[in-house]
Amino acid sequence: IHRAELAHKVYNTVSNLRSSAEVLAIMDRPFAGWFSASYGANLIYKSQHILQYQVTAGIMGPAAAGRQVQQGWHKLIGLYKVYGWEYQLNNEAGLNVAAEYYHSLVSKQNNSNTTVHLTGKASLGNTFT
């Protein structure tokens, strides 16, 4: 099974107060936009083992337009003003790869909807560290 994704994600603080100064005082994570494209595949074997992999490339920072997307969306649906975007992360290109392997421990038998797998996962990249 092949899959492709075009994504835009926005990250900002959990609490949005009444000013950038108030947001900075309790900032629990940085402001950032992440615009990316990815390709992946799921390989399902007759033994019911599964291998999934994905490669993602994108841009984080002002070039990802997170500020414009969030402010535009909030304006469109009448939500509050978001403070703190002037402190977003700098531009950085990202490249990430990930793989997951599911080893079947209990086979699906007699049209049962239950399976049990042992799972391993690995990822490598420079975006979500």
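These numbers were taken from a predicted model, which means no experiment stands behind them.
- Linking Ile, Leu, Val, Met, Phe, Trp and Tyr whenever their side-chain heavy atoms come within less than 4.5 Å leaves I44 and V116 in two separate clusters.
- Residue K121 holds its NZ atom at 9.5 Å from CD of Q52, rounded to the nearest 0.5 Å.
- Between H8 and F35, the ring planes lie tilted relative to each other; the angle falls in the 30° to 60° range.
- For the atom pair Q48 CD and Y102 OH, the distance stands at 15.0 Å (nearest 0.5 Å).
- A donor-acceptor pair under 3.5 Å is absent between the side-chain atoms of N12 and the main chain of F31, judged by distance alone.
- The CD1 atom of I50 lies 8.0 Å from the OG atom of S104; values are rounded to the nearest 0.5 Å.
- Y39 and L95 fall into different hydrophobic clusters, defined by Ile, Leu, Val, Met, Phe, Trp and Tyr side-chain heavy atoms under 4.5 Å apart, directly or through other members.
- The closest side-chain heavy-atom distance from P62 to Q88 is below 4.5 Å.
- E5 approaches A7 most closely through the heavy-atom pair OE2-CB, 3.8 Å.
- Taking every heavy atom of both residues into account, Q71 and W85 meet most closely at NE2-CD1, 4.3 Å.
- Of the possible polar contacts, none joining the H117 side chain to the Y101 backbone as a donor-acceptor pair under 3.5 Å is found.
- Proximity of Q54 to V97: side-chain heavy atoms (C-beta onward) are nowhere separated by under 4.5 Å.
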Verify side chain to side chain contact (heavy atoms under 4.5 Å, CB included) between T127 and M60, making sure each step is shown before the conclusion.
CA-CA 8 Å; T127 305; M60 182 174 285; 3.5 Å; yes

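- Across all their heavy atoms, I59 and A93 have their closest contact at CD1-N, 3.7 Å.
- Note that the NE2 atom of H49 and the CG atom of L118 stand 10.5 Å from one another [nearest 0.5 Å].
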Carefully, step by step, assess N126 and E92 under the rule side chain to side chain contact (heavy atoms under 4.5 Å, CB included).
CA-CA 9 Å; N126 68 324; E92 182 176 343; 3.0 Å; yes

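- Within a 6.0 Å radius of CG in L124, other residues, nucleotides and ligands contribute 12 heavy atoms or fewer.
- In terms of heavy atoms, L89 sits closest to P30 at CD2-CB, 3.7 Å.
- No single ILVMFWY cluster, assembled from side-chain heavy atoms under 4.5 Å apart, contains both V55 and L6.
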Any chance you could lay out the side-chain hydrogen bond (donor to acceptor under 3.5 Å, both in side chains) test for T56 and N96, step after step, and finish with the verdict?
CA-CA 5 Å; T56 305; N96 306 288; 5.6 Å; no

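- A pairwise comparison of heavy atoms in G94 and W34 identifies CA-CH2, 4.0 Å as the closest pair.
- Side chain of N42 to main chain of R3: no donor-acceptor pair is present (N/O by atom type, distance under 3.5 Å, no hydrogens or angles).
- Y45 and I1 sit in two unconnected hydrophobic clusters of ILVMFWY residues. Membership requires side-chain heavy atoms under 4.5 Å apart, directly or through other members.
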